[in-house]
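Since the structure comes first, as structure tokens, the remarks are kept for the end.
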Protein chains: 2
Amino acid sequence: MGITKVDGFTSEVTQMAEILKALGHPARLAIMEYLINSPDCINGDLVDHLPLAQSTVSRHLSELKKVGLIKGTITGNCISYCINDEVWNKIKVFFNTSSDQITPGKSCAC
Amino acid sequence: MGITKVDGFTSEVTQMAEILKALGHPARLAIMEYLINSPDCINGDLVDHLPLAQSTVSRHLSELKKVGLIKGTITGNCISYCINDEVWNKIKVFFNTSSDQITPGKSCAC
DNA sequence: TTTTAATATCGTAATATTGCGATATGGGAA
DNA sequence: TTCCCATATCGCAATATTACGATATTAAAA
């Protein structure tokens, strides 16, 4: 079908899945890494750094923006994108607290 | 096209993106949470806990197994699935080290 | 105003994903 | 062996994703 069932899952799970899905693409993950490592937020050269056409990069950017992973402001005819720390931390917390729940020794020896 | 470009990205990014993509689905994320919280690894009742048909759950499980997020052993005619701590920690490390690189104050005020 | 540069959106074709029923598989029980 | 039971796989239909070129948008520059 291609349609993802959503009802029956908690909204927390659904929301986190959406965020992780957005990150689950080489280009988008590379964009995030680039934004993290770039000294400033100007990202006009993102297209040069990715093996993709400008329109494709723009589409990936809007997908990241849609789930709140990045924020952008228009300054002149350039766009400054930057990481949304709030959402990024949310992911961090999600994995850290989940990991804590893996009681050592309870994992089976498969 | 539907085909994801891979060449031009580091294998690290590509691999991590595959893992995150696997997690980027409500059912699969719910499966992971269930496996983390379940006292033991027997998961025959996973189907009862998810609003999906048995065949669909099985498909999601194999997808998680494909990227190494879970491991499974056959004991009799039951299957025990459990989290692969190694891969799970890899994700944890990825986000924690990435976050460290976000120098406070450098994030722009968008 | 016209041009230019940067980014966004549209239209499309190709491929991937999702979900389910039906069926296969494989081991234990009768 | 034959019958269950749990899980995996297949086949299909519907939808989603991806990538790109072409085009639109928007604001600064000339």
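Each chain gets a letter, A, B and so on, in the order the sequences are listed, and its residues count up from 1.
If you take CG of B/Leu61 and P of D/dT7, they are 9 Å apart, rounded to a whole angstrom.
Listed by residue number, B/Leu52, B/Ala53, B/Ser55, B/Thr56 are the residues of residues 49-57 of chain B with a heavy-atom contact under 4.0 Å to DNA chain C.
With sequence neighbours excluded, the residues forming a side chain to side chain donor-acceptor pair (under 3.5 Å) with B/Lys90 are B/Gln15, listed by chain and number. Taking A/Thr10 as the reference, A/Glu12, A/Val13 meet the side chain to side chain contact (heavy atoms under 4.5 Å, CB included) condition, with sequence neighbours excluded.
Within the structure, side-chain hydrogen bond (donor to acceptor under 3.5 Å, both in side chains) contacts touching residues 57-68 of chain B (residues at least two apart or in different chains) are B/Arg28-B/His60, B/Lys65-B/Tyr81.
Close to C/dT7, at under 4.0 Å from its OP1 or OP2, lies no side-chain N or O of A/His60. OP1 or OP2 of C/dT17 has not a single side-chain nitrogen or oxygen of A/His25 nearer than 4.0 Å. At C/dA6, none of the side-chain N or O atoms of A/Tyr81 fall inside 4.0 Å of OP1 or OP2 (strictly under the cut-off).
In this structure the side chain of A/Asn84 never reaches within 4.5 angstrom of the side chain of A/Leu69, judged on heavy atoms. Residues A/Ile19 and A/Trp88 form no side-chain contact, since every pair of their non-hydrogen atoms from C-beta on lies 4.5 Å or further apart. Side-chain contact between B/Leu52 and B/Val47: absent, with no pair of heavy atoms (C-beta onward) separated by less than 4.5 Å.
Closest non-hydrogen pair, A/Val67 versus A/Ala22, comes out as CG2-CB, 3.7 Å.
Distances from the side chain of A/Ser58 to the nucleotides C/dT7, D/dC20, C/dG19 place C/dT7 closest.
One distance of note links NZ of A/Lys21 with CG of B/Leu23; it measures 13.5 Å at 0.5 Å rounding.
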Could you pull out the protein-nucleic contacts involving nucleotides 12-16 of chain C (nitrogen or oxygen on both sides, under 3.5 Å)?
{"from": "C/dA13", "atom 1": "N1", "to": "B/Met1", "atom 2": "N", "distance (Å)": "3.0"}
{"from": "C/dA13", "atom 1": "N3", "to": "B/Met1", "atom 2": "N", "distance (Å)": "3.3"}
{"from": "C/dA14", "atom 1": "N3", "to": "B/Met1", "atom 2": "N", "distance (Å)": "2.9"}
{"from": "C/dA14", "atom 1": "N3", "to": "B/Met1", "atom 2": "O", "distance (Å)": "2.3"}
{"from": "C/dA14", "atom 1": "N3", "to": "B/Gly2", "atom 2": "N", "distance (Å)": "3.3"}
{"from": "C/dT15", "atom 1": "O4'", "to": "B/Met1", "atom 2": "O", "distance (Å)": "2.4"}
{"from": "C/dT15", "atom 1": "N1", "to": "B/Met1", "atom 2": "O", "distance (Å)": "3.4"}

